[in-house]
Number of protein chains: 2
Amino acid sequence: MPVVRLASDDPAWGNFEHGNCELEKMRLYTAKTIGRSAKAETSRNEILSAAANIMRRHGYAELTLRNVAAKVNMKAGSLYYHFSSKDELATEVMRIGVEAVERDVREALDQVSPIDSEQRLITAVHIHLNALLRSSEFVSSHIRCYPFVPDRVRFELREVRRRYDLLWLELIGEFINRPARGDEVIYIWHILVGALNQSLEWFNPNRHSIDDYARQIEIMLRQFRSQRPL
Amino acid sequence: MPVVRLASDDPAWGNFEHGNCELEKMRLYTAKTIGRSAKAETSRNEILSAAANIMRRHGYAELTLRNVAAKVNMKAGSLYYHFSSKDELATEVMRIGVEAVERDVREALDQVSPIDSEQRLITAVHIHLNALLRSSEFVSSHIRCYPFVPDRVRFELREVRRRYDLLWLELIGEFINRPARGDEVIYIWHILVGALNQSLEWFNPNRHSIDDYARQIEIMLRQFRSQRPL
DNA sequence: TATTATAACTAACACTTGTTAGATTAACAG
DNA sequence: CTGTTAATCTAACAAGTGTTAGTTATAATA
């Protein structure tokens, strides 16, 4: 019946399970494992994953400690053994998210020639989209919930976020041969980030292709370069 | 200190007042005024505006009946004289939003040659951006809160939203000379809508220019056409 | 096995939420 | 001025929130 099939038409919209990249999670989790027993570490990771899942699917408003606890067969109060507050839990989920996607992008860029600025930007687009839409609920929960999270949480995340933002500004600056902090680069950055991150609200893995979408974004990006002298 | 000034760095982020387009509001409100006294109508409109303001600035989770009531010097219970539920209030705010921006875009398109598909698309971009970032909190609250609103509210809005979506698909289809329902058009539509609507999260009227941003979007759009035969 | 630290539970707290019924005021008709 | 309708308030409700203190069960260590 719907002429255009919108994400919002799908009853299961937003309820897809992401591929379980357990290896990736492990790498992230263990990065900051200090003085925690194996069992505590496992529980903590389950809690983080459950929280990320709720945040990605239903938004920050639906992230309640009782919801999270139920997903890991615990009671709300038990979560305080692993996190000192709801804010800390949310911060940790989102911190894992940015750090994951930044690490993935940087690792992929290491395999690309430093002077091929077009291939570098395109690579970053692919990696970011895959993290967002396929591999990591930590990434998607961060992107989806950041604007609605309490001030304190946003404040805690400002440095990791800025690092990732600067990476993009530099990639774009190199690509269009302009200063990374000029208005031009910044506006293009906003266009690109908007196109990438809004996909969370419509992308349906059963109906859409990450690569197809990334290809259209590549086409768009080339225009910004072709408008300018090299 | 921040290298790149992000919206989230600004303490007043999201707290800008939109230009008071009272005339526009009147046109919208009165469109469905049936069997309501002048006083009731005024109160109802104040409630709608207050709700839209909260939704745009703080998101749907912060929209509480007590918050809204306080803004219009009422008590929470009094709102039930004008709306039968919180859902109905939210639905009405968002319905006004889509209908407003769709009407604005269509009226502007009436002034553009039907065969100048580039100018038509560019016009729509400008009108949409201005509604979103400057003139209407009903539009911005809709865009910002739609993904987080209860299912019932989204269901109520599906028709008005689809009408507006189809308008864009047709504009893009004409512009790149492709069927409005093909994958190509739909992906470009998602890119464009993402770039437009995400601006809600970073745009700061004291620091950015709507026209500058719209111009960058124009550059982007031309690439999609130039890639194809006419 | 006995002891101890770990990890979870119970049950409540103070508070906020949407919503409702009934009382109260304000505006207006006769 | 009187009576009636329209508009708002009061005060509570049941449900849900983050958080805490005290308790129990589990697991590791001696």
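Order of the sequence lines sets the chain letters (A, B, ...), proteins ahead of strands, with each chain counted from 1. Values in this document were obtained by computation on a predicted structure and should not be read as measured data.
Between the side chain of Arg66(A) and the base of dG18(D), at least one donor-acceptor pair of N or O atoms lies under 3.5 Å.
In this structure, Asn67(B) atom CG and dT17(C) atom C1' are separated by 11 Å, rounded to whole Å. Rounded to whole angstrom, the span from the CG atom of Asp87(B) across to the C1' atom of dT19(C) amounts to 12 Å. Counting to the nearest Å, the P atom of dA15(D) and the CG atom of Leu65(B) are 19 Å from each other. We find that NZ of Lys86(A) is positioned 15 Å from P of dG16(D), with the value rounded to whole Å. The separation between Lys71(B) atom NZ and dT8(D) atom C1' is 20 Å, rounded to whole Å.
Relative to the six-membered ring of Tyr164(A), Arg161(A) misses at least one condition, a distance below 6.0 Å or an angle of at most 45° to the axis. A cation-pi arrangement is present between Lys86(A) and Tyr60(A), with the terminal nitrogen or guanidinium carbon under 6.0 Å from the aromatic centre and inside a 45° cone about the axis.
In the set dT17(C), dT20(C), dT19(D), dT20(C) carries the atom at the smallest distance from any side-chain atom of Tyr80(B).
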Using the rule given for side chain to side chain donor-acceptor pair (under 3.5 Å), can you reason through His128(B) versus Asn197(B), listing the C-alpha separation, both sets of side-chain angles and the distance that settles it, and then say yes or no?
CA-CA 9 Å; His128(B) 182 93; Asn197(B) 291 348; 2.8 Å; yes
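Ion pair Glu201(B)/Arg144(B) flagged as a salt bridge, since at least one NZ, NE, NH1 or NH2 atom sits closer than 4.0 Å to an Asp/Glu carboxylate oxygen.
Contacts of Leu79(A) with the nucleic acid, taken as non-hydrogen atoms under 4.0 Å apart, are absent.
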Protein-nucleotides 7-11 of chain C N/O pairs closer than 3.5 Å?
from: dA7(C); atom 1: OP1; to: Ser37(A); atom 2: OG; distance (Å): 2.1
from: dA7(C); atom 1: OP1; to: Ala40(A); atom 2: N; distance (Å): 3.3
from: dA7(C); atom 1: OP2; to: Tyr81(A); atom 2: OH; distance (Å): 2.3
from: dA8(C); atom 1: OP1; to: Ser43(A); atom 2: OG; distance (Å): 2.8
from: dA8(C); atom 1: OP2; to: His82(A); atom 2: NE2; distance (Å): 2.6
from: dC9(C); atom 1: OP1; to: Asn73(A); atom 2: O; distance (Å): 3.4
from: dC9(C); atom 1: OP2; to: Lys75(A); atom 2: N; distance (Å): 2.7
from: dC9(C); atom 1: OP2; to: Ser78(A); atom 2: OG; distance (Å): 2.7

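Proximity of Trp202(B) to His208(B): side-chain heavy atoms (C-beta onward) are separated by under 4.5 Å at one or more points.
Put simply, CZ on Arg56(A) and NE2 on His142(A) are 16.0 Å apart, with the number rounded to the nearest 0.5 Å.
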